[in-house]
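These numbers come from a predicted model, not from an experiment. Positions are given from 1, in the same order as the sequence printed here. These numbers come from the heavy atoms of this one structure, side chains and all, not from hydrogens, waters or symmetry mates. Every number for a ligand or one of its atoms is a count from 1 in the order of the listing.
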Amino acid sequence: MATYVFRCPDCTVFEVVIPMSALRPTHPCPTCAGESRRVWTAPALATTPGALHRAVAAADASAEAPQVVRSIPAGRPRPRSRRWSPVTGAAPVNAAHRPAGPHPALPRW
Ligand SMILES: [Zn+2]
């Protein structure tokens, strides 16, 4: 699917998302059904990261037709904390190697 721009001589410029195989030199105007000619534009060759593309598409879809949510959507499990836990008893990794007293004096040159 690709986005093509057409200009209706009586109305305005509009975009159409159609397969490349379905592209014709003219396209019917969505407002007046008049024959509209294609407008040549710069190709969109910049690659958008997939996650960003999906986020923008979701934001656009939400702006047009927001979904009603009745419960909190399930998300990814949160990463386990590396802090000490009364359940796991795991101490921070560096605590085992930390000296008990104040840090040693810096060497004098
Ligand atoms: Zn038109």
Side-chain angles (χ1 to χ4, degrees):
M1 300 290 264
T3 303
Y4 299 98
V5 179
F6 291 88
R7 174 178 289 121
C8 175
D10 300 326
C11 300
T12 184
V13 176
F14 59 93
E15 293 182 347
V16 179
V17 179
I18 52 175
M20 287 191 229
S21 60
L23 179 64
R24 302 290 180 262
T26 61
H27 197 272
C29 172
T31 305
C32 68
E35 190 172 87
S36 305
R37 295 187 60 87
R38 183 174 174 198
V39 177
W40 291 89
T41 58
L45 297 179
T47 57
T48 303
L52 176 60
H53 182 76
R54 287 189 295 276
V56 170
D60 289 347
S62 178
E64 294 294 326
Q67 294 181 342
V68 177
V69 177
R70 301 198 185 285
S71 63
I72 298 173
R76 293 182 180 171
R78 304 180 89 186
R80 294 178 58 188
S81 173
R82 299 185 74 174
R83 294 182 180 173
W84 180 86
S85 162
V87 176
T88 64
V93 173
N94 292 337
H97 304 290
R98 187 181 304 148
H103 73 80
L106 296 174
R108 293 181 175 269
W109 299 100

S.K.: For the Zn ion (ligand 1), which protein N/O/S atoms fall under 2.8 Å? Skip waters.
M.R.: Cys8 SG, Cys11 SG, Cys29 SG, Cys32 SG
S.K.: Holding to side-chain contact (heavy atoms from CB on, under 4.5 Å), I want the full list of residues that pass it with Pro25, two or more places apart in sequence or in another chain.
M.R.: none
S.K.: Side-chain contact test, heavy atoms from C-beta onward, threshold under 4.5 Å: evaluate it for Met1 versus Pro19 and give yes or no.
M.R.: yes
S.K.: Once side-chain contact (heavy atoms from CB on, under 4.5 Å) is applied, do any residues pair with Ala2, and if so which ones, sequence neighbours excluded?
M.R.: Tyr4, Met20
S.K.: Taking the side chain as everything from C-beta on, heavy atoms only, tell me whether Pro28 gets closer than 4.5 Å to Ser36.
M.R.: no
S.K.: List the steps, then state whether side-chain contact (heavy atoms from CB on, under 4.5 Å) holds for Arg38 with Leu23.
M.R.: CA-CA 10 Å; Arg38 183 174 174 198; Leu23 179 64; 3.2 Å; yes
S.K.: Could I get the full list of side-chain contact (heavy atoms from CB on, under 4.5 Å) partners for Val16, not counting sequence neighbours?
M.R.: Phe6, Phe14, Ile18, His27
